Structure formats: structure tokens, C-alpha cells
Amino acid sequence: MRDGEPLLRIYYALLKKFGHRGWWPGETRFEVMVGAILTQNTSWRNVEKAIAGLKQRGLLTPRSLATADLGLIENAIRSSGFYKQKAERLKLFAHWLMDKYDGELDLLFAVPLQNLRKELLSLKGIGPETVDSILLYAGNKPVFVIDAYTRRIFWRLGLTKEDAKYDELQEFFESCLPHDVELFKDYHAQIVELGKTYCRKKPLCAGCPLRAICKNSGIGMS
DNA sequence: GTCCAGGGCCTAC
DNA sequence: GTAGGCCATGGA
């Protein structure tokens, strides 16, 4: 399964349909990182309100977030759901950033990629998808982000296994595609757009552009 | 009222 | 190592 052509064809079909997505929304790298934690199993609309709440309270810097009262953070991000654990995770994350890198993201992202990935993964509440979103969208590292939509869509396309592990899926995409940060950024964004619009937990609906993409690309669908 | 969202942790087996 | 429960708000 090393033929990358289908993956590129699918990307260009999505690009044609949706246009460049311009991901990730966020004014600063730190805001992107915070958003990556807040959006865990949560719609972006609710995350936007939470980010606005943090911004309003001056909590969108590592230093201010690390030293903020937990209750203040909880109130700011309530709209994002799971707000107690997310508040704790945000604070722990900011604290770690201050302790280890003095809050300097340039220092953080200067760490060799695989070491950095392991280090972030060891933090509480930061799983593989969140780490890779941070690395790709805040750190501009060539890392492909796998999410529930990616898993669902590419399984339905017959290109991956239903029970494939995160690392297996990531290896598949990274080995098939050129390691281009902008491509990785927009591809993931396109997948999410497709997923949100057509491929929620239900079976593929009529009108899903995947059908046309498959037909034109000679890809079999389950 | 029910389902789901741009996941991840903890516990049991 | 993995299946299942839990976290919680807000929109469809």
C-alpha cells in the first residue's frame, strides 16, 4: 500500500471542491496550541467562544495561563465542554512550557522532531492527534494529523483497515505523500471539511463527493 | 428528546 | 492490549 497517487488525486479533488481551507485559525502559535487542546471531541464553534473567553481574560500567553486561577480558566472555556479537565490540562501544559522552555516557543520547536513529539505525548491530556496538530499547525513540522474523519473516510475508500492504529495510518499518509508542510496542513483541513459536511457517523450519504472522486480515480469503495 | 462534535484518560478483564 | 465508561457544552 505504497501507491501515493490515489491520496494526491483525492486531495486535489477536495481542493477543487472546497478551496484552500487556510488552517489553522489562530492569531498566534500559542493560540493554535490552546485550540488543539480545546477542540478535543468538541465542535470548533464552541472552541471559538472558549478562546475568546481566554483572550478577554488575558490568558492567551504561557505565563498568564500557567499562573491563572483554575476557576478563572474554567469559566473562560466552559463553552468548549469537558471544561474542568481541559482547564487542568491547559494549565499543566502552560506550566510545563514555562518550566522547561521559559515560555519560548522558538526553543520548544527547536527540539528535534521525534524527541519533541515524545515529550509532548507524555503530557497529561495531550494524545497523538493533539500533539500532531500542535506540531503541524503551530510548529510547521511535516507531520500528518490523523483524526476520526480520516479513519472513517479512508477506510470507506478501501485504502486503509478499519482497525488500523493511529501510527499505522500516519505512516501510510506520510510514506505516500511528499513531506510538504502546506500540503499536510491543507489535506487534513480538507478531510475535516469533507467529514463535517458529508461523512458523520452515519453511512455515506447521497451526494457525498467521495463517490465522484472514486469514480473518477478508479478507487473501489466499501 | 437524541445524536454528535477537529479526543484522551482510567479501569477492568 | 483493548473494550467500555467517563468527561460536558451547544447546535442540529
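Computed from a predicted model, the values in this text were never measured in an experiment. Naming convention: chains lettered A, B, ... in sequence-line order (proteins, then strands); numbering from 1 in each chain.
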For the rings on Phe173(A) and Phe154(A), is their centre-to-centre separation under 6.0 Å? yes
Who pairs with Glu74(A) by side chain to side chain donor-acceptor pair (under 3.5 Å), at least two apart in sequence or on another chain? none
Taking only residues two or more places apart in sequence or in another chain, which ones pass side chain to side chain donor-acceptor pair (under 3.5 Å) with Lys185(A)? Asn140(A)
What protein N or O atoms touch nucleotides 10-12 of chain B N or O atoms at under 3.5 angstrom, if any, and at what distances?
none

According to salt bridge (Lys or Arg N to Asp or Glu O under 4.0 Å), does anything in residues 48-60 of chain A pair up with another residue at least two apart or in another chain? List the pairs. Glu27(A)-Lys55(A), Glu31(A)-Lys55(A)
Who are the ring pair (Phe, Tyr, Trp, His ring centres under 6.0 Å) partners of Trp44(A), not counting sequence neighbours? Trp24(A)
Which residue pairs satisfy the side-chain hydrogen bond (donor to acceptor under 3.5 Å, both in side chains) criterion with at least one member in residues 122-131 of chain A, sequence neighbours excluded? Gln40(A)-Thr130(A)
Does a side-chain N-to-carboxylate-O contact under 4.0 Å join Arg151(A) and Glu162(A)? no
Does the ring of Trp24(A) lie flat against the base of dG6(B), closer than 5.5 Å centre to centre with planes under 30°? no
If we ignore angles and hydrogens, is there a donor and acceptor under 3.5 Å between the side chains of Asp186(A) and Gln190(A)? yes
Measure from CZ on Phe93(A) to C1' on dG7(B) and round the result to the nearest Å. 16 Å
Arg152(A) has a side chain; which of dA5(B), dG8(B), dG6(B) sits nearest to it? dA5(B)
All ring pair (Phe, Tyr, Trp, His ring centres under 6.0 Å) counterparts of His179(A), not counting sequence neighbours: Phe184(A)
Measure the distance from CG on Leu90(A) to P on dG8(B) and round it to the nearest whole Å. 14 Å
Distances under 3.5 Å between nitrogen or oxygen atoms of protein and nucleotides 1-5 of chain C:
residue : atom : partner   : partner atom : Å
dT2(C)  : OP2  : Lys165(A) : NZ           : 2.5

Parallel, tilted or perpendicular: which fits the ring planes of Phe30(A) and Phe93(A), with parallel below 30° and perpendicular above 60°? parallel
Who pairs with Thr67(A) by side chain to side chain donor-acceptor pair (under 3.5 Å), at least two apart in sequence or on another chain? none
In Å, rounded to the nearest 0.5 Å, how long is the span from CD1 of Ile146(A) to CZ of Phe172(A)? 9.5 Å
Just the rounded figure in Å: distance from C1' of dG8(B) to CG of Asp167(A). 15 Å
If we take the P atom in both dA3(C) and dG6(B), what is their distance in whole Å? 24 Å
What interatomic distance, in whole Å, is found between C1' of dT9(C) and the corresponding atom of dC10(B)? 22 Å
Please list all pairs passing the ring pair (Phe, Tyr, Trp, His ring centres under 6.0 Å) test where one or both residues lie in residues 102-136 of chain A, with sequence neighbours left out. none
With a 4.0 Å cut-off on N to O distance, would you call Arg117(A) and Asp132(A) a salt bridge? yes
Atom CG of Asp147(A) and atom P of dG8(B) are separated, to the nearest Å, by 10 Å
When the C1' atoms of dG8(B) and dG11(C) are compared, how many Å lie between them, rounded to an integer? 23 Å
Base, sugar-phosphate alone, or nothing: which one does Ile191(A) contact when heavy atoms must sit under 4.0 Å apart? nothing
Give the residues of residues 131-144 of chain A touching DNA chain C, defined as any heavy atom closer than 4.0 Å, sorted by residue number. none
So which one's nearest nucleotide on DNA chain B is more toward 5', Thr39(A) or Arg89(A)? Thr39(A)
Can you tell me if Trp44(A) is stacked onto the base of dG6(B), using a 5.5 Å centroid cut-off and an angle below 30°? yes
Close N or O pairs between protein and nucleotides 8-12 of chain C (under 3.5 Å):
residue : atom : partner  : partner atom : Å
dA8(C)  : OP1  : Lys84(A) : N            : 3.0
dA8(C)  : OP1  : Gln85(A) : N            : 3.3
dA8(C)  : O4'  : Phe82(A) : N            : 3.0
dT9(C)  : O2   : Asn46(A) : ND2          : 3.4
dG10(C) : O4'  : Asn46(A) : OD1          : 3.4
dG10(C) : O4'  : Asn46(A) : ND2          : 3.0
dG11(C) : OP1  : Lys49(A) : NZ           : 2.7

